[in-house]
Participant: 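Structure incoming, see below.
Throughout, protein chains are lettered first and strands after them, A, B, ... in sequence-line order, and every chain is numbered starting at 1.
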There are 2 protein chains.
Amino acid sequence: MSVTREKILELAEELILTKGYNGFSYQDISTVMGIKNAAVHYYFPSKENLGTSILKTNIQRFEEMVENMQNRNFDEHQQVESFMKIYLKSNRENKICLIGSLGTDINTLSEPMRAELQKMVGRIVNWLEAALEAGRSKGLFSFQPSARDQALHILSALVAGLQLARILNKSDFKNIHQAIWEEITPHANKQL
Amino acid sequence: MSVTREKILELAEELILTKGYNGFSYQDISTVMGIKNAAVHYYFPSKENLGTSILKTNIQRFEEMVENMQNRNFDEHQQVESFMKIYLKSNRENKICLIGSLGTDINTLSEPMRAELQKMVGRIVNWLEAALEAGRSKGLFSFQPSARDQALHILSALVAGLQLARILNKSDFKNIHQAIWEEITPHANKQL
DNA sequence: TTGATTTTACTTATTAGTAAGTATATTTGT
DNA sequence: ACAAATATACTTACTAATAAGTAAAATCAA
């Protein structure tokens, strides 16, 4: 794979996470990289193509992460913790996540991009649901709603947590993160 | 106040909630209203001015709602329930909320608009925190974290709940909404 | 030399924004 | 009461900048 292509993907993703999909242009990419806007079009003929590629890359990255965790015999507690750590990193870097960013712009996206976004979110929710369910049956987690509802609830808190932290105070995210974790962790005093 | 001005404000807000701040133009407003783009500039010289006006309107609307609830002697349970119902309505209308929408675009907003957004979110969080705290001391709510963390957690879940529901399935929001409510409601079986 | 990569030099469309003009009310001075 | 002045609510007709996108020529690397 071309190094230029990889860099464009990386930069475009960062721009989506910092300025939003409709808030960046090919010019933003080309000037930062020191190339011409037409060079970006060479690798990604259209913005839709670029956006879809970013989503495909992220789906692949997510599935590799899950596979890797399973290969290393991570239990569900460790898996969910690892997943949530991605969001802590995003918060440190003042970024939001693709779900929150593209969720805002969804009605302005082309159908293929929308489909890819749905695919990505679908896989994340399904994985989280399964991890929560399995973790609960092993006594690693404790929560009342269905695993799917709890997965949606956790993902929501993470996604908007980043957005709120960027509006209010970066450090607020740590508390949100902590609250999620305590919500599903079986503590001694939780039963009191 | 001018009827045209009011309509522009209303339409622009809807556009922010459906297409995002950087996803709509003065043309979108003027064509729908059957006026010229310059007429929109007559009322709101710049897009920043329009955006800031929308936020100011929303702050006022929120404070009127709180005042109204207090005048009607709503208890904290009823107050928080009313607030959460606003999000159910947004979900029915396939809209997200201003916090989620502008949270995505925050780095592309002018400083005055960013300040207004912070003001709005700050007031909502402060009110929610106070309502949760007071409600808990009356036994209307039950939760472990600090009232502020719980407020941030609830607001996060609502904000991103709308975004997730728009990506996945409209009906998913009802479950997220339900889960928040059950999280803070003192149920008999919660103590088991 | 051949193919991959990149630039040059565009086009077309859209953006926010403005300057100047117009019709219709509304106010004001006499 | 009546005309002159002024304010309101726009339209017409632009600009300057930027957007995504393209065709063709030049460069580079094997």
Side-chain angles (χ1 to χ4, degrees), chain A residues 1-55 101-102 104-114 116-117, chain B residues 1-55 101-102 104-114 116-117:
Chain A
M1 275 287 158
S2 157
V3 140
T4 308
R5 197 190 124 99
E6 299 284 308
K7 269 202 160 181
I8 293 171
L9 274 174
E10 202 182 310
L11 226 171
E13 182 173 334
E14 195 185 315
L15 284 164
I16 291 176
L17 303 184
T18 52
K19 304 179 71 181
Y21 184 76
N22 292 318
F24 86 95
S25 72
Y26 272 36
Q27 228 62 258
D28 291 329
I29 297 173
S30 60
T31 52
V32 168
M33 289 185 62
I35 57 177
K36 300 294 159 179
N37 118 51
V40 184
H41 279 285
Y42 170 72
Y43 290 102
F44 302 98
S46 68
K47 201 178 180 183
E48 179 213 307
N49 184 297
L50 174 56
T52 309
S53 300
I54 289 169
L55 287 168
S101 184
L102 297 176
T104 294
D105 298 322
I106 195 162
N107 292 324
T108 69
L109 305 179
S110 66
E111 195 37 51
M113 217 183 138
R114 200 155 33 211
E116 213 60 39
L117 177 60
Chain B
M1 276 286 158
S2 158
V3 145
T4 307
R5 198 189 124 99
E6 300 283 309
K7 268 200 160 183
I8 293 171
L9 274 174
E10 202 181 310
L11 226 170
E13 181 173 334
E14 195 185 314
L15 284 164
I16 291 176
L17 303 183
T18 52
K19 304 179 72 182
Y21 184 76
N22 292 318
F24 86 94
S25 72
Y26 272 36
Q27 227 60 258
D28 290 330
I29 297 173
S30 60
T31 53
V32 168
M33 289 185 62
I35 57 178
K36 299 295 158 176
N37 123 50
V40 185
H41 280 284
Y42 170 74
Y43 289 102
F44 303 98
S46 68
K47 202 179 179 182
E48 179 214 307
N49 184 295
L50 174 56
T52 309
S53 300
I54 289 169
L55 287 167
S101 184
L102 297 177
T104 294
D105 298 322
I106 195 161
N107 292 323
T108 69
L109 304 179
S110 67
E111 195 37 53
M113 217 184 138
R114 200 156 32 213
E116 214 60 41
L117 177 60

Participant: Centre of Y21(B)'s six-membered ring, under 6.0 Å away, within 45 degrees of the axis: is that where NZ or CZ of K47(B) sits?
Facilitator: yes
Participant: When rounded to the nearest 0.5 angstrom, what is the spacing between CD in E6(A) and CD1 in I8(A)?
Facilitator: 10.0 Å
Participant: Can you tell me the distance, in whole Å, between the CZ atom of F44(B) and the P atom of dA16(C)?
Facilitator: 15 Å
Participant: Would you say S2(A) places a side-chain N or O within less than 4.0 Å of OP1 or OP2 belonging to dA4(C)?
Facilitator: no
Participant: How many Å lie between CZ on R5(B) and P on dC10(D), as a whole number?
Facilitator: 13 Å
Participant: To the nearest Å, give me how far apart NZ (K7(A)) and P (dT5(C)) are.
Facilitator: 16 Å
Participant: Looking at R114(A) and E111(A), is there a salt bridge between them, counting it only when a charged N and a carboxylate O are closer than 4.0 Å?
Facilitator: yes
Participant: Base, sugar-phosphate, or nothing for K36(B), non-hydrogen atoms under 4.0 angstrom?
Facilitator: base
Participant: Of the nucleotides dT6(C), dG17(C), dT12(D), which has the atom closest to the Y42(A) side chain?
Facilitator: dT6(C)
Participant: Kindly point out which of dG17(C), dC10(D), dA19(D) is positioned nearest to the side chain of Y26(B)?
Facilitator: dG17(C)
Participant: Of all the nucleotides listed (dG21(D), dT11(D), dT15(C)), which has the minimum atom distance to the side chain of K47(A)?
Facilitator: dG21(D)
Participant: Could you verify whether a donor N or O on one side chain and an acceptor N or O on the other, from T108(B) and N22(B), lie under 3.5 Å apart?
Facilitator: yes
Participant: The side chain of Y43(B) lies closest to which of these nucleotides: dA9(D), dT8(C), dA20(D)?
Facilitator: dA9(D)
Participant: Hey, is CD on E10(B) packed in by over 12 heavy atoms from elsewhere, all under 6.0 Å?
Facilitator: no
Participant: For a quick test of reading the model: is some side-chain N or O of S25(A) closer than 4.0 Å to OP1 or OP2 of dA19(D)?
Facilitator: yes
Participant: Whole Å only: how far is the CG atom of N22(A) from the P atom of dT18(D)?
Facilitator: 18 Å
Participant: So if I take every side-chain heavy atom of S46(A) and compare against dG21(D), dA13(D), dA20(D), which nucleotide ends up nearest?
Facilitator: dG21(D)
Participant: In whole Å, what is the span from the CD atom of Q27(A) to the P atom of dT15(C)?
Facilitator: 18 Å
Participant: Rounded off to whole Å, could you give me the CD-to-P distance for the E6(A) and dT5(C) pair?
Facilitator: 12 Å
Participant: Is there a side-chain polar atom (N or O) of T4(B) under 4.0 Å from OP1 or OP2 of dA9(D)?
Facilitator: no
Participant: Report the distance from atom NE2 of H41(A) to atom C1' of dT11(C), rounded to the nearest whole Å.
Facilitator: 12 Å
Participant: Output the single nucleotide from dT22(D), dT11(D), dG17(C) whose closest atom is nearest the side chain of N37(B).
Facilitator: dG17(C)
Participant: Figure out the CG/C1' separation between N49(B) and dT18(C), and round it to whole Å.
Facilitator: 15 Å
